[in-house]
Amino acid sequence: MFGKKIMLSIAACACLSGCVRVEVKPEKLVSETVSVTKEAYKAIKRKATGTQEREFTHRMPVRSDADSHVQAQECITFVKRQAEDASERKAEILSESTEIINGEYGQSLKCVIRAVI
């Protein structure tokens with residue numbers, strides 16, 4: 001009975017959305033289903049409460065006289081302040097990353113955070 005409901009739901013979605021490719025890997029079925037369900041729940045909850053997920057980015061030149069870890073932390077701190085200033089709420093940080101970019105005018109540090117505001 002439960003399996004029929006799932007198949008009907010998938011068939012209904014496929015008919016409504018046009019061309020859909022569904023790939024099921026049995027070894028990851030449960031963990032991926034749980035993950036997708038959690039993300040869908042969070043997205044619905046955010047929409048209901050008026051919050052949104054956004055990405056904030058900042059680039060700064062790499063200073064040769066400073067430690068790279070210190071520079072990365074400064075960059076992330078700056079981006080977190082941007083996220084906080086973008087909303088009246090405290091930002092919930094989902095992920096953060098830094099990368100060195102070689103550009104035309106030398107190296108720069110790019111930092112990115114994903115946050116719910």
Side-chain angles (χ1 to χ4, degrees):
M1 181 74 177
F2 184 69
K4 288 182 182 181
K5 287 183 181 180
I6 291 176
M7 292 304 292
L8 286 173
S9 298
I10 292 173
C13 290
C15 291
L16 293 174
S17 61
C19 183
V20 174
R21 179 177 175 206
V22 177
E23 184 177 336
V24 178
K25 296 182 179 180
E27 64 275 1
K28 295 183 179 181
L29 183 63
V30 173
S31 63
E32 288 180 359
T33 302
V34 169
S35 177
V36 168
T37 304
K38 284 182 181 179
E39 287 302 314
Y41 171 77
K42 288 178 185 176
I44 291 168
K45 184 178 176 184
R46 287 182 196 127
K47 187 169 181 108
T49 59
T51 58
Q52 56 182 303
E53 184 178 318
R54 292 185 50 195
E55 186 172 279
F56 296 87
T57 306
H58 180 64
R59 282 177 97 165
M60 58 189 275
V62 173
R63 298 184 318 264
S64 60
D65 62 335
D67 181 32
S68 61
H69 296 310
V70 171
Q71 289 184 73
Q73 190 57 46
E74 288 173 3
C75 190
I76 290 291
T77 300
F78 180 83
V79 177
K80 284 181 180 178
R81 268 190 255 123
Q82 281 184 322
E84 295 289 332
D85 292 345
S87 175
E88 296 145 10
R89 304 180 180 139
K90 180 161 176 60
E92 175 191 343
I93 307 300
L94 301 175
S95 67
E96 55 186 58
S97 65
T98 58
E99 99 181 86
I100 300 287
I101 297 176
N102 293 314
E104 186 177 326
Y105 301 105
Q107 289 186 327
S108 62
L109 179 65
K110 177 182 176 185
C111 15
V112 179
I113 64 166
R114 279 186 336 113
V116 175
I117 58 170

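Not measured: the values here are computed from a predicted model. Worth knowing before you read on, the calculation uses all heavy atoms, side chains too, and leaves out hydrogens, waters and symmetry mates.
Applying the side chain to side chain donor-acceptor pair (under 3.5 Å) criterion to Glu96, with sequence neighbours excluded, gives Lys80. Residues passing the side chain to side chain contact (heavy atoms under 4.5 Å, CB included) test with Arg63, sequence neighbours excluded: Met60, Asp65, Ala66, Gln71, Glu74. The side chain to side chain donor-acceptor pair (under 3.5 Å) check on Thr98 picks up nothing, with sequence neighbours excluded. Annotation: side chain to side chain donor-acceptor pair (under 3.5 Å) contacts of Gln82 (sequence neighbours excluded): none. Applying the side chain to side chain donor-acceptor pair (under 3.5 Å) criterion to Ser64, with sequence neighbours excluded, gives no partner residue. Applying the side chain to side chain contact (heavy atoms under 4.5 Å, CB included) criterion to Ser68, with sequence neighbours excluded, gives no partner residue.
Annotation: disulfide (SG to SG under 2.5 Å) contacts involving residues 40-71, sequence neighbours excluded, are absent. Pairs of residues two or more places apart, or lying in two chains, that qualify as ring-ring contact (aromatic ring centres under 6.0 Å, His included) and include a residue from residues 47-71 are His58-Phe78.
Closest heavy-atom contact between Ala91 and Glu84: N-OE2, 3.2 Å.
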List the atom pairs, with distances to 0.1 Å, where a side-chain N or O of residues 103-117 and a protein N or O form a donor-acceptor pair under 3.5 Å, not counting sequence neighbours.
unit_1, atom_1, unit_2, atom_2, d
Gln107, NE2, Asn102, OD1, 3.0
Ser108, OG, Arg59, NH2, 3.3
Arg114, NE, Ser95, OG, 3.4
Arg114, NH1, Glu53, OE2, 2.1

